Amino acid sequence: MHSTPVRRAAVGAVVGIVWLAGLYLAAPLVGGFAPVALAEGVIVRSPGWLSTLAVGVLGFSAKPVLLGSVLVGAVAVSAVAWALWPWERSEATPLAGVLGVGATVAALAVAGGTLSPGSVLGVALAVAPPYVASRLLSTATTPSSPDRRRFLRRIGTVAVVGTGSLLGLRAGFDRLVGGGGRGGSAGSGGSGGVAGGTGDNVDDADGASTPSEGDPRFDFAGMPAAVTAPEDHYVVDINIRPPDVDPDSWTLDVDGAVESPYDLSYDELRDHEASVEQVTTMVCISNPVGGDLIGTPRWTGVQLSDLVAEADPADGAVDVVTHAADGYSEAIPLEIVEREDILIAYEMGSSPLATEHGFPARLLVPGRYGMKMTKWITRIEVSAADHEAYWEERGWDEEAVVNTMSYVRGVERDGDRVTVGGVAFGGLETGVEEIAAVEVSVDDGDSWNEAELEPQIAPHAWRRWRYVFDAPDRSGFAVVVRAITRDGTVQTETGASPRPSGATGWHRRYVRV
Ligand SMILES: Nc1nc2c(c(=O)[nH]1)N[C@H]1C(S)=C(S)[C@@H](COP(=O)(O)O)O[C@H]1N2
Ligand SMILES: [Mo]
C-alpha cells in the first residue's frame with residue numbers, strides 16, 4: 001500500500017471523521033448536530049411514496065440507516081476530495097481552509113445555527129480539530145514517508161485520539177450544562193435513549209409495572225403478553241430524535257372555534273378529574289400483514305370529550321385538530337370526539353409516557369391507526385374547516401379505521417401436542433373490538449379449525465388466540481389465520497399494501513416445531 005492516492009484517501013477519511021466529531025462537539029452551541037438535521041430534513045421533505053417505500057424496505061431501521069448514510073457520505077466525500085486534490089500542499093492550504101470553513105458553516109446552518117457569538121465559537125470548534133488532524137498527517141502520504149505499518153498506526157492514533165477527545169469533551173459539556181439531565185423528572189427518558197420505560201417514577205408504586213393480565217394458557221413461546229410493557233411497544237414517528245419537552249414550561253392549549261379557550265399545565269392534566277385507565281391496542285398503518293408495529297399498552301389519560309367541552313365549541317365546528325411539538329398534526333371529526341374512550345394520555349403502563357411515546361402527553365383514538373394518535377401534543381384546536389393532516393397530505397387515508405387483522409405469533413410442542421397461537425384485532429368505527437372468532441389452518445388453507453379466543457381483556461384490546469392439535473409425526477406446518485367479526489364478515493384474503501388504508505390479507509407462516 002505505497003500508492004499515495006490510497007494513503008491520501010485514508011487521511012481524508014480520518015479528517016472527515018474528526019470533522020464530524022467536531023460538529024458533534026459544536027452542536028450544543030448551534031442547536032443541533034448537522035447530520036441529524038440533514039437526515040430529518042430529507043424525511044420531512046421527501047414525498048410520501050418515498051418515505052413509505054423506505055419504511056417498507058427498511059422497517060424500523062429506515063431512520064438510523066438514513067443518518068448512517070449521511071455520516072458515511074460525509075467521510076467518503078472527504079476521502080475522495082483528499083485523494084483527488086490536484087495541488088501541492090503549499091498551494092492547497094489556504095484554499096482547503098476556505099473550503100473546510102465553508103463546509104462547516106453550511107453544516108452548522110443546516111443544523112439551525114444563526115450568526116451569533118455561540119455559532120462563531122461553534123465554527124472554530126468544528127474547524128480546528130480536522131485542521132490539526134490534517135497537519136499531523138500531512139507528511140504521511142508522500143512516498144518517502146514511513147512504512148505501511150507506521151502509517152496505519154499514525155492515522156489510527158489520530159483518528160482514535162482526535163475523535164475520542166472530542167466526544168469526551170462533549171460528554172463533559174453535557175454533564176456541566178445538564179443536557180439530557182431532565183431524565184430524572186417525570187420519565188422523559190433522557191436524550192437519545194432507546195430504552196423505553198424510565199422506571200424511576202414512583203408516584204404510582206402499586207407494583208403493576210409488569211402487568212400479569214390475560215389468561216396464562218395464551219402465554220407460550222413466541223406469544224406477546226396480553227398487555228404490552230412500555231419498553232416492548234413499537235416506536236414510529238417522523239423524527240430522528242424525539243422532541244425533548246420540558247414538562248415545567250409545557251402547556252396544552254385548547255382553542256380555535258370555541259367560546260372559552262384555555263390551557264392546562266402538566267400537573268393540571270395529571271390531576272384532572274376526568275382521568276381514566278384503559279388498555280388499548282395501537283397499530284401503525286404501515287404495518288405489513290404479520291408485522292410488529294402493533295402493541296396493547298395500558299394507558300392513563302383524560303377524556304378528550306371533557307377537555308373539548310370545557311372550551312365550549314362554537315356552532316359550525318367540525319374537526320378537532322391536534323398539534324405537536326415536532327410539527328406533526330392530525331384531525332378527527334368533532335362528532336367522534338364525543339366518545340368516552342378517546343384520551344389525552346399521559347401514562348403508559350403506570351409510568352409517565354417515555355419520550356419516544358410522546359411525553360408529556362399524546363392522543364389515543366381506539367380503533368384508528370396509530371397515525372391518528374398525535375404524540376408530544378401541544379395544542380387541541382377546534383376547527384370550523386376540514387384540516388389536512390400530516391400523513392393525509394402525503395396520500396394516506398384520512399379515516400384510518402383499523403382493518404380486521406389476525407397474525408400468527410407462537411408455536412410450542414409438548415410431546416404429540418402442538419399449540420399455535422397469535423393475535424387478532426378488528427377496530428371498527430366505534431373503536432370497540434369486534435372479533436367473534438378466529439379460524440386457523442395448519443395445512444396451508446386446505447382445512448380450517450376454530451381457534452380458542454382469550455376472554456376479552458378490554459373493549460379496545462386485541463384478542464389472543466390459540467389452537468391445540470395432535471401431530472405425532474409431522475413437524476412443519478403452513479399456518480394460515482383469518483378472523484371473523486361479530487357481523488359474520490370473514491377477514492378478507494385479498495392482499496393490499498399498507499398504503500393508503502392499511503394492509504389486508506391473511507397471514508401465512510411456515511413453522512417448525
Ligand atoms: N407528533 C407526532 N405524533 C405521532 C407521529 C409523529 O411522527 N409525530 N407518528 C404517528 C404514527 S404514524 C404512529 S404509528 C404512532 C406511533 O406511536 P408510538 O411510537 O408510541 O408507538 O404515533 C403517531 N403520532
Ligand atoms: Mo403509523
Side-chain angles (χ1 to χ4, degrees), residues 39-40 43-44 46 48 51-52 54-56 59-60 62-63 187-189 193-197 224 228-245 250 252 280-288 291-299 301 321-332 342-349 351-381 389-403 405 425 427 462 497-503:
E40 256 162 13
I43 291 177
V44 172
S46 68
S51 30
T52 309
V55 170
F60 269 144
K63 285 181 298 176
S188 76
V194 190
T228 308
E231 58 273 21
D232 294 336
H233 186 61
Y234 78 91
V235 177
V236 166
D237 55 63
I238 58 172
N239 312 289
I240 299 266
R241 274 173 320 180
D244 190 7
V245 178
W250 176 84
L252 178 56
T280 297
T281 295
M282 177 193 297
V283 52
C284 180
I285 197 165
S286 50
N287 200 36
D292 282 327
L293 303 179
I294 182 171
T296 305
R298 167 179 304 282
W299 307 90
V321 184
T322 45
H323 299 270
D326 61 347
Y328 191 85
S329 69
E330 258 304 341
I332 48 177
I342 300 177
L343 306 185
I344 298 298
Y346 53 80
E347 281 187 1
M348 193 199 253
S351 302
L353 286 179
T355 303
E356 59 271 31
H357 293 302
F359 181 83
R362 72 169 314 158
L363 184 61
L364 189 70
V365 190
R368 303 290 170 121
Y369 279 112
M371 62 185 263
K372 287 282 161 194
M373 312 197 197
T374 308
K375 305 195 265 191
W376 311 290
I377 189 170
T378 54
R379 179 175 175 220
I380 298 170
E381 177 201 6
Y390 186 90
W391 288 119
E392 193 191 338
E393 239 167 64
R394 289 159 177 77
W396 292 80
D397 190 85
E398 179 182 1
E399 300 262 295
V401 172
V402 174
N403 298 322
M405 56 184 71
F425 183 57
W462 60 16
S497 62
R499 188 179 157 88
S501 305

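What you see is a predicted model, and the numbers here were worked out from it, not measured in a lab. Order of listing sets the numbers, starting from 1, for every ligand and every atom in it.
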Over 60° means perpendicular and under 30° means parallel, so classify the ring planes of His233 and Trp299, tilted if in between.
perpendicular
Show the short N or O contacts, below 3.5 Å, that ligand 1 makes with protein N or O atoms; if there are none, say 'none'.
unit_1: ligand 1; atom_1: 1 (N); unit_2: Asp326; atom_2: OD1; d: 2.9
unit_1: ligand 1; atom_1: 1 (N); unit_2: Asp326; atom_2: OD2; d: 3.2
unit_1: ligand 1; atom_1: 1 (N); unit_2: Lys375; atom_2: O; d: 3.0
unit_1: ligand 1; atom_1: 3 (N); unit_2: Lys375; atom_2: N; d: 2.8
unit_1: ligand 1; atom_1: 7 (O); unit_2: Ile238; atom_2: N; d: 2.9
unit_1: ligand 1; atom_1: 8 (N); unit_2: Asp326; atom_2: OD2; d: 2.8
unit_1: ligand 1; atom_1: 9 (N); unit_2: Val236; atom_2: O; d: 3.4
unit_1: ligand 1; atom_1: 17 (O); unit_2: Arg362; atom_2: NH2; d: 3.0
unit_1: ligand 1; atom_1: 19 (O); unit_2: Val236; atom_2: N; d: 3.0
unit_1: ligand 1; atom_1: 19 (O); unit_2: Lys375; atom_2: NZ; d: 2.5
unit_1: ligand 1; atom_1: 20 (O); unit_2: His357; atom_2: ND1; d: 2.7
unit_1: ligand 1; atom_1: 20 (O); unit_2: Arg362; atom_2: NH1; d: 2.6
unit_1: ligand 1; atom_1: 21 (O); unit_2: His233; atom_2: NE2; d: 3.0
unit_1: ligand 1; atom_1: 21 (O); unit_2: Tyr234; atom_2: O; d: 2.7
unit_1: ligand 1; atom_1: 22 (O); unit_2: Arg362; atom_2: NH2; d: 3.3
unit_1: ligand 1; atom_1: 24 (N); unit_2: Met373; atom_2: O; d: 3.1

Side chains of Met282 and Leu364: does their closest heavy-atom pair fall under 4.5 Å?
yes
Can you check whether Ile285 reaches Trp396 side chain to side chain, under 4.5 Å on heavy atoms?
yes
Which residues pass the salt bridge (charged side-chain N to carboxylate O under 4.0 Å, His left out) test with Glu381, sequence neighbours left out?
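Checked Glu381 against salt bridge (charged side-chain N to carboxylate O under 4.0 Å, His left out); matches are Arg379.
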Arg362: which residues meet the salt bridge (charged side-chain N to carboxylate O under 4.0 Å, His left out) condition with it, sequence neighbours left out?
none
What residues, two or more places apart in sequence or in another chain, satisfy side chain to side chain contact (heavy atoms under 4.5 Å, CB included) together with Pro288?
none
